[in-house]
**Q** 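Structure provided below as structure tokens; questions to follow.
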Amino acid sequence: MRTISVVGIGAGDPEQVTVQAINTLNAVDVVFMVDKGDEKRDLIQLRREICDRYITSPSYRVVTATDPPRDRAAAAYRDAVDDWRSRRADIYAELIGSQLGPGEHGAFLAWGDPAIYDSTLPILHEVLARGTVVFELRVIPGISSIQALAARHRISLTRTGRPLHITTGRLLARGFPDNADDVVVMLDAGCAFTEIDTGGADIYWGAYVGSDDEVLVSGGAADAGPKIVAERDAARRKHGWIMDSYLLRRPTGP
């Protein structure tokens, strides 16, 4: 039977790739990569650099496919995501079926940790559910972007006896969650922290965390917000893409 491993490769620093990930990469026959175009060429280049750095086997091969376009402005957000994932599943099924032989081992490299806001696992589960190609699915955890963010700001994500809430910018725009004072926000293209009452929260923000292009800003959300927006806009113009996250932390009573 074919084997597919989804390997977490950390948030951008090649030295955050785990020993388990390195051992898995050295056991694979094929590394699958999805090309997202010229604007995000850095993403596929870093994946190749990780392979070149850590894979010692001379016999593995890299197979690349073009990512299907996605309508990011669609009013029906979930429908648009489901449609994009389905079209990606078509590509993954074709790649695995045509490029991975019986008994061979393939890998997809996932940013951060595959379990946190990454589409690879849901797409591969859809491929399996279709039944057109069969494989054993394995997951190798990685250091997530929010772990790296906390480490770079020298803070803990949690406080004693208090919950940690992880959400998206789209949902944060509806208001600060009622059930937590510590909120990690990902996928926030609209900088929702500038549009809501943060209740005097501090913000710990980072982009390209762990890479040579890393940008960090922290402080009171009201004061640091405009600087984050400016830094984010400048970074996106420079690179053509951005990968960022942040923690909002409200003060609590005794």
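In this text the structure is predicted, and so the values were computed from the model without any measurement. The first residue of the sequence shown is numbered 1, and numbering continues consecutively from there.
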**Q** Should D182 and R159 count as an ion pair when the cut-off is N to O under 4.0 Å?
**A** yes

**Q** For atom CZ of R152, decide whether the heavy atoms of other residues, nucleotides or ligands shown that lie under 6.0 angstrom number more than 12.
**A** no

**Q** Using modelled atom types only, decide if a donor and an acceptor are shared between the side chain of T24 and the backbone of Q20 within a distance under 3.5 Å.
**A** yes

**Q** Verify whether the ring centers belonging to W111 and Y117 lie closer than 6.0 Å.
**A** no

**Q** Flag yes if more than 12 heavy atoms outside N179 fall under 6.0 Å of its CG atom; otherwise flag no.
**A** yes

**Q** Decide yes or no on side-chain contact (heavy atoms from CB on, under 4.5 Å) for Y60 and L25, but give the supporting numbers first.
**A** CA-CA 9 Å; Y60 86 97; L25 290 175; over 6 Å; no

**Q** Between V184 and L187, is there a shared hydrophobic cluster once you connect ILVMFWY residues whose side-chain heavy atoms come closer than 4.5 Å?
**A** yes

**Q** Report the distance from atom CG of L109 to atom CE of M33, rounding to the nearest 0.5 Å.
**A** 5.5 Å

**Q** Using 0.5 Å steps for rounding, measure from the CG atom of L172 to the CG atom of D188.
**A** 6.5 Å

**Q** Run the numbers on I4 and F108 for side-chain contact (heavy atoms from CB on, under 4.5 Å), then give the verdict.
**A** CA-CA 8 Å; I4 294 292; F108 289 87; 3.8 Å; yes

**Q** Do R130 and D90 meet the salt-bridge criterion of a basic N to acidic O distance under 4.0 Å?
**A** yes

**Q** Enter the distance from I143:CD1 to I9:CD1 here, rounded to the nearest 0.5 Å.
**A** 12.0 Å

**Q** Between OH of Y246 and SG of C191, what distance do you get to the nearest 0.5 Å?
**A** 7.0 Å

**Q** Starting at NE2 of H239, measure out to CG of L43 and round the result to the nearest 0.5 Å.
**A** 11.0 Å

**Q** Do I91 and I44 sit in one hydrophobic cluster, given that two such residues count as connected whenever their side-chain heavy atoms are within less than 4.5 Å of each other, even indirectly?
**A** no

**Q** Grab the two heavy atoms, one from P251 and one from G199, that are nearest each other, plus how far apart they are.
**A** CD-O, 3.7 Å

**Q** Of all residues at least two apart in sequence or in a different chain, which pass the side chain to side chain contact (heavy atoms under 4.5 Å, CB included) check with A80?
**A** A74

**Q** Quick check on side-chain contact (heavy atoms from CB on, under 4.5 Å): which of L121, T120, I116 does D118 satisfy it with?
**A** T120

**Q** Looking at R249 and Y204, would you say the former's side chain and the latter's main chain have a donor-acceptor pair under 3.5 Å?
**A** no

**Q** Closest approach of H165 and A180, non-hydrogen atoms and distance?
**A** CB-CB, 3.7 Å

**Q** Would you kindly confirm whether F176 and V185 end up in one hydrophobic cluster when ILVMFWY residues are joined by side chain heavy atoms under 4.5 Å apart?
**A** yes

**Q** Grab the two heavy atoms, one from A27 and one from H105, that are nearest each other, plus how far apart they are.
**A** O-ND1, 3.6 Å

**Q** With rounding to the nearest 0.5 Å, note down the distance linking CG in L100 to CZ in R2.
**A** 6.0 Å

**Q** Do the non-hydrogen side-chain atoms of S145 and V209 ever get within less than 4.5 Å of each other?
**A** no

**Q** Would you say that T64 contacts R48 through its side chain, given a criterion of any heavy-atom pair below 4.5 Å between the two side chains?
**A** yes

**Q** More than 12 heavy atoms of other residues, nucleotides or ligands under 6.0 Å from CZ of R154: is that the case?
**A** no

**Q** Could you report the tightest heavy-atom contact between P114 and V6, atom names first, then the distance?
**A** CB-CG1, 3.7 Å

**Q** Can you give me the closest heavy-atom contact between W84 and S119, atom names plus distance?
**A** CH2-OG, 3.5 Å

**Q** Could you walk me through whether R78 and D82 pass salt bridge (Lys or Arg N to Asp or Glu O under 4.0 Å), step by step?
**A** CA-CA 6 Å; R78 289 190 179 181; D82 288 345; over 6 Å; no

**Q** Where do I55 and V31 land on the side-chain contact (heavy atoms from CB on, under 4.5 Å) test, with the steps shown first?
**A** CA-CA 11 Å; I55 300 179; V31 176; 4.2 Å; yes

**Q** Determine, stepwise, if the pair D35 / R47 fulfils salt bridge (Lys or Arg N to Asp or Glu O under 4.0 Å).
**A** CA-CA 11 Å; D35 189 343; R47 285 181 167 93; over 6 Å; no

**Q** Closest heavy-atom contact between G12 and L46?
**A** O-CD2, 3.7 Å

**Q** Show the numbers, then the answer: is there a salt bridge (Lys or Arg N to Asp or Glu O under 4.0 Å) between R85 and E126?
**A** CA-CA 9 Å; R85 284 185 174 179; E126 180 174 336; over 6 Å; no

**Q** Show the numbers, then the answer: is there a side-chain contact (heavy atoms from CB on, under 4.5 Å) between V34 and Y92?
**A** CA-CA 9 Å; V34 177; Y92 283 17; 3.8 Å; yes

**Q** Under 3.5 Å, is there a donor-acceptor pair between the side chain of S211 and the main chain of D213?
**A** yes

**Q** For the pair E214 (side chain) and G210 (backbone), establish whether a donor and an acceptor sit closer than 3.5 Å, ignoring hydrogens and angles.
**A** yes

**Q** Answer with yes or no whether the hydrophobic clustering places M243 together with M186; edges join I, L, V, M, F, W, Y residues whose side-chain heavy atoms lie under 4.5 Å apart.
**A** no

**Q** Regarding T56 and N26, do their side chains bring together a donor and an acceptor under 3.5 Å, going by distance alone?
**A** yes

**Q** Same cluster for L216 and L247 if Ile/Leu/Val/Met/Phe/Trp/Tyr side chains link at under 4.5 Å?
**A** no

